[in-house]
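Below is one structure, written out as structure tokens; comments come after it.
Sequence lines set the chain letters: A, B, ... in the order given, protein chains first and strands last, and positions in each chain run from 1. Just so it is clear, the values below take in all heavy atoms, side chains as well, and ignore hydrogens, waters and symmetry mates.
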Protein chains: 2
Amino acid sequence: MTQRATRQLTAVYDVLRTSCDHPTAEQVFRRVRDTLPRVSLGTVYRNLDKLREQGRLRVVRLASGEAHYDAMVEAHDHFVCERCHAVHDLDRAPTPPAARRLRDDGCVVHWHTTALYGLCGGCAAEPGGGRPRARAGQAG
Amino acid sequence: MTQRATRQLTAVYDVLRTSCDHPTAEQVFRRVRDTLPRVSLGTVYRNLDKLREQGRLRVVRLASGEAHYDAMVEAHDHFVCERCHAVHDLDRAPTPPAARRLRDDGCVVHWHTTALYGLCGGCAAEPGGGRPRARAGQAG
DNA sequence: TTTTTTGCAAACCATTTGCAATTAG
DNA sequence: CTAATTGCAAATGGTTTGCAAAAAA
């Protein structure tokens, strides 16, 4: 046999399909536990990876480093608030001109992704609102 | 006093300025060790972070999860080979239309970055060359 | 001399993995 | 039945941190 439809796999996928906030594995774990209190974090990771292999979700790496999970719908980009760390979906940016140049040079371009960083409406409006609030880095 | 010009800080920055392959902290560490054999990995991390705070380098998060470091020059994008994991610099893609929409909604957009994934010329030409060779994910 | 920085080692945290027990097919 | 999957716990790997010794200013 192959791929079995376990309660855990279904629950992980359900959490993802009904989440619009790009949860981390830990967050998925907590939500799955509402339904299956005995589920383990390892199982959540294994199932997330299974879903990724099947192309049913996308792993999003943001500036902070931890993986965020996104039920695969259409290809799209992201806007990350550097203050509250919320992640918003954006329409996909057009294929950058560099892609054509790469192809001309014999490269194969499978996909591309863009991330925008800044302050969301709420945070931009906030009193002390102008600069990040925690965390590290930059992403590429 | 503030910021001291130590040999270690200088060496870390020199490695970065003369590297064009977006090394990880571990790789920077190995290269710095050629000059300062007693340097520690912790010191490399501390100095990388110091340089980042000063805006003298950028941290690039690729699909794999580890941080890659890039001496800050012009804003630019990246092409990552999914087979050999080489990272190439690209001219910066134009600001995506979504940025304007976000600004109209009261968001502040500080910066954006695009990453392209695929196969570099060498790997695309290779015999078994068509699909990844290791690693996980996706980046955003 | 005073304060920052280092080297080292232990701590951390996200993620992965080995294994015996469980469960879907 | 029997192969895939789970829960648990231990292992991993990248990164951070506490502290006494070393080195800038």
Among the candidates [options], find the nucleotide nearest to the side-chain atoms of [X].
X       : options               : value
A:Asn47 : C:dA24, D:dG14, D:dT6 : D:dT6
B:Gln8  : D:dG7, D:dT15, C:dG7  : C:dG7
B:Arg4  : D:dA24, D:dT6, C:dT15 : D:dA24

Give a yes/no on whether any side-chain N or O of [X] is located under 4.0 angstrom from OP1 or OP2 of [N].
X       : N      : value
A:Arg38 : D:dC8  : yes
B:Lys50 : C:dT4  : no
A:Gln3  : C:dA24 : no
B:Thr6  : C:dT6  : yes

- request: Please indicate whether B:Arg100 has more than 12 foreign heavy atoms, meaning atoms of other residues, nucleotides or ligands, lying under 6.0 Å from its CZ.
  value: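 No, CZ of B:Arg100 has 12 or fewer neighbouring heavy atoms, counting only those of other groups under 6.0 Å.
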In whole angstrom, what separates [X]'s [atom1] from [N]'s [atom2]?
X       : N      : atom1 : atom2 : answer
A:Glu53 : D:dA4  : CD    : P     : 14 Å
A:Asp49 : C:dA14 : CG    : P     : 18 Å
A:Leu41 : D:dT12 : CG    : P     : 18 Å
B:Glu66 : C:dA14 : CD    : P     : 17 Å
B:His68 : D:dG14 : NE2   : P     : 11 Å
B:Leu9  : D:dA23 : CG    : P     : 17 Å
B:Phe29 : C:dC8  : CZ    : P     : 9 Å
A:Leu48 : D:dT6  : CG    : C1'   : 15 Å

message: Counting the atoms with a prime plus P, OP1 and OP2 as sugar-phosphate, which does B:Arg7 contact under 4.0 Å by heavy atoms, base, sugar-phosphate, or nothing?
response: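 If one applies the 4.0 Å heavy-atom cut-off, B:Arg7 turns out to touch the sugar-phosphate alone, with no base involved.
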- prompt: NA contact type, A:Arg46, heavy-atom cut-off 4.0 Å: base, sugar-phosphate, or nothing?
  reply: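 It contacts base atoms.
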query: What is the ring orientation for A:Tyr117 with B:Trp111, classed by angle as parallel under 30°, tilted 30 to 60°, or perpendicular over 60°?
result: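 Answer is parallel, since the angle falls under 30°.
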field: Net bend of the helix from C:dT1-D:dA25 to C:dG25-D:dC1, end axes of five pairs each, nearest 10 degrees
entry: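 For the helix from C:dT1-D:dA25 to C:dG25-D:dC1, the axes at either end differ by 30°.
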field: Trace of the side chain to side chain donor-acceptor pair (under 3.5 Å) decision for A:Glu26 with A:Thr24
entry: CA-CA 5 Å; A:Glu26 181 75 31; A:Thr24 62; over 6 Å; no
message: Pick the closest DNA chain C nucleotide for A:Tyr45 and for B:Ser40 by heavy atoms, then say which residue is nearer the 5' end.
response: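 The answer here is B:Ser40.
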field: Full working for side chain to side chain contact (heavy atoms under 4.5 Å, CB included) between B:Leu48 and B:Leu57
entry: CA-CA 8 Å; B:Leu48 286 171; B:Leu57 65 76; 3.8 Å; yes
message: Taking the ring centre of each residue, are B:His78 and B:His22 less than 6.0 Å apart?
response: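 Between B:His78 and B:His22, the centre distance is under 6.0 Å.
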Beyond-backbone contact of [X] with [Y], side-chain heavy atoms, under 4.5 angstrom:
X        : Y        : answer
A:Leu119 : B:His110 : yes
B:Leu9   : B:Tyr13  : no
A:Pro96  : A:His112 : yes

message: Please compare B:Glu26 and B:Ala5 by the position of their nearest nucleotide in DNA chain D and report the one closer to 5'.
response: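 Upstream on the strand: B:Glu26.
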